[in-house]
Amino acid sequence: MADTPSRRINIASIREKPSEPQPCSFIIFGATGHLTATKLLPALFHLESCGRIAKNMAITAFARREWSLDQWKAHVCDSLKDKISSQQHKAILKRFLKRFRYQQGNFDDLAAYRQLADNSQCESPCTQTVFYLAIKPTVFSTVIKNLELAGLNKPCGTSRIVVEKPFGRDLNSARALNQLLHQSFNEEQIYRIDHFLGKEMVQNLFVFRFANTLIESLWNRNYIDHVEITVAESTGVGNRADYYDQVGALRDMVQNHLLQLLAVVAMEPPCSLDADELRDEKVKVLRTIRPIHSNQIDEYSVRGQYTQGNMDGEQAVGYLQEKNVKKDSITETFAAVKFYIDNWRWSDVPFYLRTGKRLTQQSSMIAIRFKLPPQQLFRETLSQAIAPNWMLFSIQPEKSMKIEIHAKQPGLGMETRITQMDANFLKNNEQGLDAYETLLLDVIEGDRSLFIRFDEVEMAWQVIEPILKHWQKKATAIAIPTYPAGSWGPEDANQWFFNSQNQDWRNTS
Ligand code: BG6
């Protein structure tokens, strides 16, 4: 079945309201979990307030807790309390709460799935059903099998399944999960989510690159010295240690979010914004990432784990002291990797990627450093090198695009200074959408362009697996490097990691 045409085909109309929202039934597995409370409910509530979901769309919360519908609704209200500040919001909340049903059941309890199926019989047969797996990867297969046994994997076109990352924990397990999904669902029904692709600035990167002729001519090895992609988090592992301690930063962030950002920066212009055209171009990038030879991995990658430290004047505990973390855990909370993309556009341009928890600040940014002009006419003295141009895409918390260029300082001399051109795209009274709002709407409307195709998942695992294996091998022999909470990560991720003395992490936008 062909995809529904992408809402993005006409860039100007991305946020325009379509004539009538599509009827849909939305079922959340893992409804009482963290993801549902912090991302899914606020996103659905916002879509409700913009009138973007059908009047009769039912939302079913499927969870293990023995709650009544009223208890569930109280939980929804609690999760949304920060969003309700006016009478208008209260009225929207009242409407929103009417949509809910609560289905209690263990994930392995087939009877609960059958009950879900009976309830969905009451709806019109053409109603679209979305199953959102907001659950731990360890229970994916149980839920998928039971959906099939209960006949809920309706034919292509009328049911869709959303699978959260990480998709597998290595190449083999990702393939096994994909095979399992394909036993019950067709590819057109499967939505592998990477919420970074739904972030405003990431979508803006597509527009910035492919709707402007100005940029494209500079976007290559002739002008770009290197690319840095940073996703820094000031938060620690919080209450997710039972998941995170099994996974670590490389699997949790690099295999998916950071490699997707790299692919969007490096891809060739697609022939159209059709879902498969976009994904074809991203796959080509992932396929051309130069494999890191096993004896080069220590040169190309750095890992670390936070110890106690000072965060904004407050003491933060170390990773090993966090709740539910094994006392001898060697899970990395920081990862930095250097990649090369072996194609005509990017040959020999390093892409430096880093991510970590409990770093100095919360900041996700793509920083592109340009080469120096061939002749430094305006250098004041021989010892003073002119600063390079940068293009900075701040993804969060600030959403901005800035270009740093030289301009003449006012006055009689010819001294230059760096000026930041701020190409901020948000006007004063505008607010960006949360990634989940965009992506949930895409699922409901059947637009897969911002979802991951399996060959992207496969390629991404192939790229990082040698590093994972090397770190595992080293794990027993050498203690993991550490960094104090509130720093920019382990020392090893600094100077020697870069190819030249002129390169360093860009920490400010
Ligand atoms: C998730 C990771 O995918 O992304 C988390 O599992 C991480 O560990 C989160 O904190 C970051 O997302 P965001 O949108 O808050 O930057």
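Note that ligands are numbered from 1 as they come in the structure, with each ligand's atoms numbered from 1 the same way. Hydrogens, waters and symmetry mates are skipped; everything else that's a heavy atom, side chains included, is used. Sequential numbering from 1 along the given sequence is applied to the chain's residues.
The nearest protein atom to atom 6 (O) of ligand 1, hydrogens excluded, is given as D252 OD1, 2.6 Å; this is a heavy-atom distance. Nearest to atom 14 (O) of ligand 1 among the protein's heavy atoms is K199 NZ, 2.6 Å. For atom 5 (C) of ligand 1, the closest heavy atom belonging to the protein is R240 NH1, 3.3 Å. Of the protein's heavy atoms, E233 OE2, 4.1 Å lies nearest to atom 9 (C) of ligand 1. Protein heavy atom in closest approach to atom 15 (O) of ligand 1: K39 NZ, 4.0 Å. If you check which protein heavy atom lies closest to atom 12 (O) of ligand 1, you get H195 NE2, 3.1 Å.
Atoms of ligand 1 lying under 4.0 Å from any heavy atom of F196, numbered from 1 in the order shown and given with element: 12 (O), 16 (O). Atoms of ligand 1 lying under 4.0 Å from at least one heavy atom of K357, given by number and element, are 5 (C), 7 (C), 8 (O), 10 (O). The atoms of ligand 1 that sit less than 4.0 Å from any heavy atom of K165 are 1 (C), 2 (C), 3 (O), 6 (O).
Partner of D194 under the side chain to side chain donor-acceptor pair (under 3.5 Å) criterion, out of Q255, H257, Q260: H257 alone. Of the listed residues (L441, L44, L440), just one forms a side chain to side chain contact (heavy atoms under 4.5 Å, CB included) with R52, and that residue is L441.
Ligand 1 has an N or O atom lying under 3.5 Å from an N or O atom of Q396, backbone or side chain.
One finds no salt bridge joining R192 and E456 here, because no Lys/Arg side-chain nitrogen approaches an Asp/Glu carboxylate oxygen to under 4.0 Å. In summary, K402 and E398 engage in a salt bridge, as defined by a charged side-chain N under 4.0 Å from a carboxylate O. Electrostatic pairing of D225 and R369 counts as a salt bridge here, judged by a charged N lying under 4.0 Å from a carboxylate O.
Relative orientation of the W219 and W346 rings is perpendicular, given thresholds of 30° and 60° on the angle between their planes.
A cation-pi arrangement is present between R290 and Y340, with the terminal nitrogen or guanidinium carbon under 6.0 Å from the aromatic centre and inside a 45° cone about the axis.
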